[in-house]
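First comes the structure, then the notes that go with it.
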There are 2 protein chains.
Amino acid sequence: MARRAATSPSSPELDPRKATILEAVVVEHINTAQPVGSSSVAANAHLAVSPATVRSEMVSLEHEGYLAQPHTSAGRVPTDKGYRYFVDHLQSGVLGPVQQHQVHEFFANVRGEVEDVLEQTTSLLTQLTSYTSVVVGAGHSHATVLSVQLVNLDARHQLLVSIFSDGSVVKHSVMSTFDVNHEEVAEASRQLNALLIDTTLATTVQVPSRNDHVATLVREAASALHAVPPTTDGEQVFIGGSSKVAEVFEGVETVRKVLAILEQELLVVSLVQDILNQGMSVAIGSEHGFESLAACALIVAPVTIDGSPAGAVGLLGPTRMKYREAMAAAEAVSRELTRHFGGEEDRG
Amino acid sequence: MARRAATSPSSPELDPRKATILEAVVVEHINTAQPVGSSSVAANAHLAVSPATVRSEMVSLEHEGYLAQPHTSAGRVPTDKGYRYFVDHLQSGVLGPVQQHQVHEFFANVRGEVEDVLEQTTSLLTQLTSYTSVVVGAGHSHATVLSVQLVNLDARHQLLVSIFSDGSVVKHSVMSTFDVNHEEVAEASRQLNALLIDTTLATTVQVPSRNDHVATLVREAASALHAVPPTTDGEQVFIGGSSKVAEVFEGVETVRKVLAILEQELLVVSLVQDILNQGMSVAIGSEHGFESLAACALIVAPVTIDGSPAGAVGLLGPTRMKYREAMAAAEAVSRELTRHFGGEEDRG
DNA sequence: TGTTAGCACTCGATTCTACCGAGTGCCAAG
DNA sequence: CTTGGCACTCGGTAGAATCGAGTGCTAACA
């Protein structure tokens with residue numbers, strides 16, 4: 001319920017009958033992918049009115065922008081606004097027993113590093129919903145350094161391995177212009193530890209200005225660590241079920257566009273995070289502002305660790321996707337993921 | 001030339017005129033995606049014969065399995081065998097000036113870790129060819145351990161970070177059933193180093209059998225490290241341009257199948273490596289044995305470091321792909337990649 | 001006033017037909 | 001062995017006819 005409220009950017013109430021009709025149209029169109037006619041609404045929705053009445057209501061709904069007509073003599077199709085109303089007034093569904101079981105099984109058996117779990121979670125989500133799934137793991141921009149280690153690959157190549165408090169590990173190669181022996185590397189490693197432990201990536205550190213081998217190594221290693229790629233602070237993206245794109249969308253061109261977006265992982269991250277920042281759980285059609293995703297709806301659910309945002313799960317489908325089921329799945333998985341990571345910490 | 005010889009699994013020589021006709025059909029069909037008729041071959045290929053003659057040759061080529069007829073009154077289309085002959089007798093092309101420039105630019109500017117370079121290489125390949133690209137980085141199954149480090153995330157959770165001689169870094173979490181203090185972790189870390197340095201993942205190590213905290217930690221950490229996922233020894237796969245699948249293949253079903261295969265990265269690795277193991281550089285249609293890739297051709301080129309196989313680059317397209325250009329691109333990129341990594345080592 | 005039955009109308013989809021033409025296979029002459 | 005000639009095949013396209021789902025409007029009705 002809280003969710004539903006948080007998720008309503010613009011849903012003026014609608015006359016109850018209109019609401020029922022709109023809902024019927026949406027449901028029907030989601031199931032059939034066809035324009036919906038007045039008679040099928042009159043039959044289906046159990047409001048005891050004639051098709052003619054439904055028709056006049058539909059005209060009105062069309063004027064208000066909730067429905068559209070592909071051509072003069074066809075049924076109606078929901079607009080993005082129509083879907084939005086539908087979603088905002090959707091009572092939250094619950095996962096079917098089979099799906100619940102799948103989720104339970106998954107989290108009971110899943111093992112391995114965070115990355116592996118997140119990766120596998122995309123499979124779970126796609127299996128649950130038949131939609132393309134996205135899992136975003138938060139960056140480690142405010143994690144502190146637990147330990148760094150500089151090792152010699154050969155005399156001119158060193159590797160800086162940094163371990164962060166959130167369990168992430170990052171490596172950077174360092175190339176030196178002079179030969180370095182093991183003692184120098186060990187000494188540099190020691191100094192780097194002293195310098196970097198408990199700092200974050202954002203912290204600026206005081207590097208030695210001397211020009212001996214060790215000091216130079218330390219300088220280069222530290223700068224390698226702080227040379228953050230400008231576009232991201234290390235979020236990870238996992239995408240699962242991209243083949244579903246070809247099943248679920250019609251029209252090669254749409255498929256191509258969607259795949260092209262999915263290829264740009266940075267874009268996907270920002271897309272998901274934009275939606276979360278706006279407090280939404282669903283972005284429909286043009287709402288997310290990506291031209292080439294106009295045919296898509298994206299459901300997102302945040303994952304938190306110890307109350308602070310740690311990532312998100314998402315489901316990407318056509319605007320006529322099965323919102324209730326997909327939202328239930330996204331929520332269940334995000335909840336379990338939160339518990340999986342958070343709970344582990346508590347128990348440990 | 002050596003390549004071409006190595007790449008011929010089954011290409012009995014063909015009567016020169018038939019060869020010319022076959023080639024003309026393949027070229028034409030690659031360009032137009034349409035069945036090719038006798039007259040266009042007679043006109044195009046500069047053999048001074050009439051369409052009628054071409055026709056009779058075509059009948060013969062069809063009997064021998066090089067060509068096929070979609071239906072009675074249509075032109076001919078190459079079979080997999082036809083493409084195979086074509087490829088086996090293709091004199092190696094050379095990259096166009098624009099592409100050469102792109103490759104050069106790329107390798108002049110590329111920075112970062114091996115993984116980043118490989119990842120970005122997929123973009124390069126896709127940009128060069130407009131096909132989906134695959135880059136496989138070899139596993140570190142025979143790299144030796146340079147250093148391991150065990151750190152405390154909290155009292156019950158430790159992280160084992162292992163650095164290998166090939167520059168790869170792997171982390172494993174270790175969960176303990178008792179609280180561990182920093183001294184114990186440090187001691188365990190020391191012992192693990194003594195135990196593991198210079199071993200490979202395949203080496204079995206003698207772990208302490210005592211039951212104190214440190215020994216238990218060491219045991220658990222060592223077993224975490226050796227618990228290799230059964231299906232792989234750490235190959236990395238990078239896939240680029242999957243949206244090209246939707247451009248290049250016709251038929252939603254084909255697109256779906258191909259994407260589904262690409263999702264299973266392990267499959268892609270084994271596919272690429274099978275082809276390389278057989279000494280082939282191109283697998284056409286059914287040659288690679290994947291039912292659902294029957295409409296595909298896959299071009300692969302090995303990447304070596306210091307003479308030993310270190311991975312591969314691949315290009316995936318329809319059987320009617322532009323072999324010469326794509327092969328040239330794959331070769332050029334694999335060559336540059338080999339130089340990029342190998343050369344660096346030599347200079348360093 | 002809101003609802004409904006009736007009805008003419010619209011227009012995409014489907015079917016059918018005719019037909020075009022690219023391409024074939026065959027044959028007889030060169 | 002090659003080639004021009006020719007009858008034949010058959011997918012693709014265009015046009016006409018038809019179908020029917022669905023609409024908007026209107027007049028009657030509660």
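Note on naming: letters A, B, ... go to the chains in the order of the sequence lines (proteins, then strands), and numbering restarts at 1 for each one.
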Is the phosphate of D/dG22, meaning OP1 or OP2, less than 4.0 Å from a side-chain N or O of A/S38? no
Round to a whole Å and report the spacing from CG of B/L47 to C1' of D/dC1. 15 Å
So, OP1 or OP2 of D/dT2: does either fall under 4.0 Å of a side-chain N or O from B/R55? no
To the nearest Å, how far apart are B/H63 NE2 and C/dT24 C1'? 13 Å
Whole angstrom is fine here: how far is it from CD in A/Q34 over to C1' in D/dA21? 11 Å
Atom CD of B/Q69 and atom C1' of D/dC8 are separated, to the nearest Å, by 13 Å
Interatomic distance where CG belongs to A/D15 and P belongs to C/dT1 [whole Å]: 17 Å
Roughly how many Å is it from CD in A/E57 to P in C/dT1, rounded to a whole number? 16 Å
Look at the side chain of B/S73 and the base of D/dT9, then say whether one donor and one acceptor between them are separated by less than 3.5 Å. yes
Any salt bridge between A/D80 and A/R84, counting N to O under 4.0 Å? no
To the nearest Å, give me how far apart NZ (B/K18) and P (D/dT2) are. 11 Å
Quick one about A/T53 and A/E57 (side-chain donor to acceptor, distance below 3.5 Å, no hydrogens or angles considered), yes or no? no
So which nucleotide from D/dT23, C/dA5, C/dT24 ends up closest to the side chain of B/M58? C/dT24
According to a strict under-4.0 Å criterion, is A/R76 in side-chain N/O contact with OP1 or OP2 of D/dG24? yes
Taking only side-chain nitrogens and oxygens of B/T72, does any of them come within less than 4.0 Å of OP1 or OP2 of D/dT9? no
Look only at the side chain of B/Y85 and the backbone of B/L14, and say whether a donor-acceptor pair between them is shorter than 3.5 Å. yes
For DNA chain D, whose closest nucleotide is more 5', that of B/A52 or that of A/S40? B/A52
Rounding to an integer number of Å, can you tell me how far B/R17 CZ sits from D/dT3 C1'? 12 Å
Flag for A/T126-A/S123: side-chain donor and acceptor within less than 3.5 Å: no
Classify the nucleic acid contact of B/A42 as base, sugar-phosphate or nothing, counting any heavy atom under 4.0 Å across all strands shown. nothing
A/H71 has its side chain closest, among C/dA5, D/dG4, C/dG12, to C/dG12
Going through the distances and angles, do A/Y131 and A/K322 end up as a side chain to side chain contact (heavy atoms under 4.5 Å, CB included)? CA-CA 10 Å; A/Y131 295 122; A/K322 307 207 165 181; 3.5 Å; yes
